Amino acid sequence: MKRAQTAEEREREAKKLRLLEELEDTWLPYLTPKDDEFYQQWQLKYPKLVLREAGSISEELHKEVPEAFLTLHKHGCLFRDLVRIQGKDVLTPVSRILIGDPGCTYKYLNTRLFTVPWPVKGCTINYTEAEIAAACQTFLKLNDYLQGETIQALEELAVKEKANEDAVPLCMAEFPRVGMGSSCDDEVDIKSRAAYNVTLLNFMDPQKMPYLKEEPYFGMGKMAVSWHHDENLVDRSAVAVYSYSCEGSEDESEDESSFEGRDPDTWHVGFKISWDIETPGLAIPLHQGDCYFMLDDLNATHQHCVLAGSQPRFSSTHRVAECSTGTLDYILQRCQLALQNVLNDSDNGDVSLKSLEPAVLKKGEDIHNEVEFEWLRQFWFQGDRNKICTDWWCEPMTQLEGLWKKMESVTNAVLREVKREELPVEQRNEILAAILAPLTVRQNLRKEWHTSWQSLWAECRLGNSLPASDRFGWAQKLDSSIDGGRGPGPCKESGDGMGKARVFQAPGEGSTVCGKGVPPSQCTPREKPHS
């Protein structure tokens with residue numbers, strides 16, 4: 001079922017269609033390193049894009065980071081996400097895991113990911129495996145290294161801009177360390193733009209994804225990730241990417257001159273100026289251990305895509321996530337604000353309220369929606385994936401669920417007051433006017449989430465996004481008013497106690513079983529073309 005697109009999605013789709021209409025049956029030009037004007041074009045039009053080839057990075061990191069990637073992959077820690085694109089739920093071809101500061105989250109394409117915490121001082125983290133703990137330590141080490149490199153690049157960018165230099169490097173290993181354009185104002189600003197608080201790890205094996213989309217504007221070939229801006233980042237903050245492709249040998253694609261355009265066996269990152277049909281795009285080859293940096297406002301003014309090679313590839317993408325509304329501390333404080341209106345609780349769960357002021361009631365219902373749809377449903381929809389590496393989120397989410405239940409009691413208390421005959425008509429109408437919008441939003445979003453449950457079951461029988469969580473029943477109960485409690489399909493339980501398994505049957509499908517403790521990554525998603 002297709003859901004309504006947001007205004008931003010509609011505008012983006014309209015721009016894409018206009019651009020394709022202008023192109024008709026022609027391709028826009030793009031450049032690779034074998035083109036004579038490649039480096040000059042990079043310097044002139046993409047000066048805030050920086051490459052560090054693998055040879056300029058320490059051997060210690062090149063040894064530890066690939067081992068960390070493979071460890072997390074071995075333990076089934078990376079998952080494909082069911083995301084919202086153009087109003088539809090789509091299973092990503094790329095598997096991901098978010099690692100970062102404890103209590104942080106990162107949201108992309110309507111999906112909130114919850115960090116597997118890296119081991120920072122003052123925080124106790126119980127990892128499920130010593131190898132996983134070591135891997136998280138490695139990505140924290142990589143984060144520190146990339147932060148230092150980013151600060152250096154931003155400082156050099158500022159110096160170059162002030163000196164108005166325009167030098168074209170001779171080789172890619174040195175090109176371009178810096179570029180021209182508006183730069184950071186002072187040292188504090190530079191450090192804040194490089195204060196990476198999360199890394200989004202990605203993995204894809206293109207040989208297992210035969211339905212990858214073709215790049216639509218330049219004819220660059222198969223895309224692992226379509227053209228996009230990275231979302232939900234601090235304004236003008238940098239992004240740093242460490243790339244590791246599992247190349248069979250360094251000599252696989254020696255004769256790049258035999259290809260017209262980019263070598264399809266080599267992974268590339270593509271860049272273009274947003275909605276510009278005059279400036280050639282760039283396709284930059286990525287080899288084992290290469291790093292690239294997007295500085296200043298490059299992520300806002302340009303778009304990038306990831307072009308698939310022939311071998312599996314990992315990447316670690318370090319970001320300054322905009323977390324003003326995306327941390328555990330934030331949402332717990334919001335809950336405290338909403339529940340300040342509770343006067344007392346009764347043994348049966350009912351509550352009485354301090355105030356019936358419409359503004360106070362509306363604020364409480366808005367927070368109620370935020371807790372349910374931005375946190376609880378997001379977390380439990382992802383199943384047990386957040387327990388594979390650590391139990392860090394289990395206690396906070398249980399606490400959050402308890403607070404949500406109390407907010408449900410608050411809503412019921414408000415409705416009881418509205419029904420009370422002694423309540424003046426004018427006051428009743430004011431209360432209803434205040435709470436109608438958040439309650440309508442809640443009903444509509446519950447329907448959308450119900451649709452997402454159905455999309456999930458349609459996409460995979462028991463795949464990387466299957467919610468094998470005990471809280472699946474929690475969402476079913478919430479959605480019981482939508483379709484009589486059926487949820488996405490019949491559900492029965494087998495076994496007993498903690499060892500029981502849930503048996504789900506999606507409409508029109510054979511039943512599948514998810515035993516408790518079986519990592520979803522061990523299951524095989526249906527290979528279905530994305531629309």
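Just so you know, these numbers come straight off a predicted model, no measurement behind them.
Side-chain contact of Glu370 with Tyr330: a donor-acceptor pair under 3.5 Å is present, judged by distance alone. A donor-acceptor pair shorter than 3.5 Å can be found between the side chains of Tyr196 and Thr150. Side-chain polar atoms of Ser324 and Glu322 form a donor-acceptor pair below 3.5 angstrom.
The closest side-chain heavy-atom distance from Leu201 to Leu72 is below 4.5 Å. Asn110 is not listed as a side-chain neighbour of Val83, based on a closest heavy-atom distance of 4.5 Å or more. Counting heavy atoms from C-beta on, the side chains of Leu332 and Leu400 come closer than 4.5 Å. By the 4.5 Å heavy-atom criterion applied to side chains, Glu37 and Leu31 are counted as neighbours. The side-chain heavy atoms of Gln333 and Ile331, taken from C-beta on, include no pair separated by under 4.5 Å. Counting only heavy atoms from C-beta outward, the side chains of Leu307 and Lys222 never approach each other to under 4.5 Å. Between Cys77 and Ile132, some side-chain heavy-atom pair lies under the 4.5 Å cut-off. Side-chain contact check for Cys104 versus Cys323: some heavy-atom pair is nearer than 4.5 Å.
Here the side chain of Ser245 pairs no donor or acceptor atom with the backbone of His287 at under 3.5 angstrom. Here the side chain of Asp290 pairs no donor or acceptor atom with the backbone of Ser243 at under 3.5 angstrom. A side-chain donor-acceptor contact under 3.5 Å links Thr390 to the backbone of Asn126. Side chain of His62 to main chain of Ala54: a donor-acceptor pair is present (N/O by atom type, distance under 3.5 Å, no hydrogens or angles). Between the side chain of Arg112 and the main chain of Glu374, a donor-acceptor pair closer than 3.5 Å is present. In this structure, the side chain of His228 engages the main chain of His304 through a donor-acceptor pair within 3.5 Å. Although no hydrogens or angles enter the test, the distance criterion places no donor-acceptor pair under 3.5 Å between the side chain of Asp296 and the main chain of Ala238. Side-chain N or O atoms of Ser56 include none that pairs as donor or acceptor with a backbone N or O of Arg52 at under 3.5 Å. A distance-only check finds no donor-acceptor pair linking the side chain of Thr266 to the backbone of Arg262 [under 3.5 Å]. A distance-only check finds a donor-acceptor pair linking the side chain of Trp42 to the backbone of Leu49 [under 3.5 Å].
Taking the six-membered ring for Trp, Phe203 and Tyr244 have ring centres at least 6.0 Å apart. Side-chain rings of Phe139 and Trp118 stay apart, their centers remaining 6.0 Å or farther from each other. Checked against the 6.0 Å centroid criterion, the rings of Phe379 and Phe114 qualify as a close aromatic pair. Under the 6.0 Å cut-off for aromatic ring centres, His302 and Phe271 do not qualify, their centroids lying 6.0 Å or more apart.
Taking each heavy atom of Arg80 and Ser95 in turn, the nearest pair found is CG-OG, 3.3 Å. Annotation for Trp392 and Pro117: closest pair CG-CG, 3.7 Å, computed over non-hydrogen atoms. Shortest non-hydrogen contact noted between Pro119 and Leu140 is O-CD2, 3.6 Å. Closest of all the heavy-atom pairs between Leu286 and His268 is CD1-C, 4.1 Å. Ala321 approaches Val234 most closely through the heavy-atom pair O-CG2, 4.0 Å. Looking at every heavy atom in both residues, Gln311 comes nearest to Trp267 through O-NE1, 2.7 Å.
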Subject >> Worked verdict on Tyr106 versus Arg96 for side chain to side chain donor-acceptor pair (under 3.5 Å) >> reply: CA-CA 12 Å; Tyr106 177 69; Arg96 296 185 167 98; over 6 Å; no
**OP:** Please report the C-alpha distance between Glu278 and Leu28 in whole Å, then the side-chain angles of each, then the deciding distance to 0.1 Å, and finally whether the side chain to side chain contact (heavy atoms under 4.5 Å, CB included) criterion is met.
**Re:** CA-CA 8 Å; Glu278 303 296 332; Leu28 291 175; over 6 Å; no
Original post:
Where do Ser316 and His318 land on the side chain to side chain donor-acceptor pair (under 3.5 Å) test, with the steps shown first?
Top reply: CA-CA 6 Å; Ser316 182; His318 298 249; 2.7 Å; yes
**OP:** Show the numbers, then the answer: is there a side chain to side chain contact (heavy atoms under 4.5 Å, CB included) between Cys389 and Glu129?
**Re:** CA-CA 7 Å; Cys389 294; Glu129 300 284 347; over 6 Å; no
Subject >> Trp227 vs Glu215, side chain to side chain donor-acceptor pair (under 3.5 Å): CA-CA, chis, key distance, verdict >> reply: CA-CA 8 Å; Trp227 290 106; Glu215 193 283 312; 2.8 Å; yes
Subject >> Check against salt bridge (charged side-chain N to carboxylate O under 4.0 Å, His left out), Asp189 and Arg236 >> reply: CA-CA 10 Å; Asp189 192 27; Arg236 302 178 83 95; over 6 Å; no
**OP:** Could you walk me through whether Tyr145 and Glu149 pass the side chain to side chain contact (heavy atoms under 4.5 Å, CB included) test, one step at a time?
**Re:** CA-CA 6 Å; Tyr145 169 79; Glu149 287 290 295; 3.6 Å; yes
**OP:** Kindly indicate, with the supporting measurements, whether the criterion side chain to side chain contact (heavy atoms under 4.5 Å, CB included) is fulfilled by Cys335 and Val371.
**Re:** CA-CA 8 Å; Cys335 290; Val371 171; 3.6 Å; yes
Original post:
After noting the C-alpha distance and the side-chain angles of Arg385 and Asp81, does the key distance pass the salt bridge (charged side-chain N to carboxylate O under 4.0 Å, His left out) rule?
Top reply: CA-CA 11 Å; Arg385 62 188 283 179; Asp81 295 313; 2.6 Å; yes
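Going from atom CD1 of Ile388 over to atom NE2 of His75 covers 11.0 Å, rounded to the nearest 0.5 Å. Expressed to the nearest 0.5 Å, how far CG of Leu233 lies from CG of Asn299 amounts to 5.5 Å. Residue Asn386 holds its CG atom at 8.5 Å from CH2 of Trp380, rounded to the nearest 0.5 Å. One distance of note links CD of Glu53 with OH of Tyr292; it measures 15.0 Å at 0.5 Å rounding. The structure places CG of Asp205 at 9.5 Å from CZ of Phe314, a figure rounded to the nearest 0.5 Å.
Cation-pi check for Lys387 over Trp393 is not met; the charged atom does not lie both under 6.0 angstrom from the ring centroid and within 45 degrees of its normal.
Ion pairing between Glu231 and Lys107 fails under the 4.0 Å rule for side-chain N and carboxylate O. Salt-bridge formation is not detected for the pair Glu59/Lys63: no Lys NZ or Arg NE/NH1/NH2 atom is positioned less than 4.0 Å from an Asp or Glu carboxylate oxygen.
The number of heavy-atom neighbours closer than 6.0 Å to NZ of Lys363, taken from other residues, nucleotides and ligands shown, is 12 or below. In the displayed structure, Glu395 atom CD is contacted under 6.0 Å by at most 12 heavy atoms of other residues, nucleotides or ligands.
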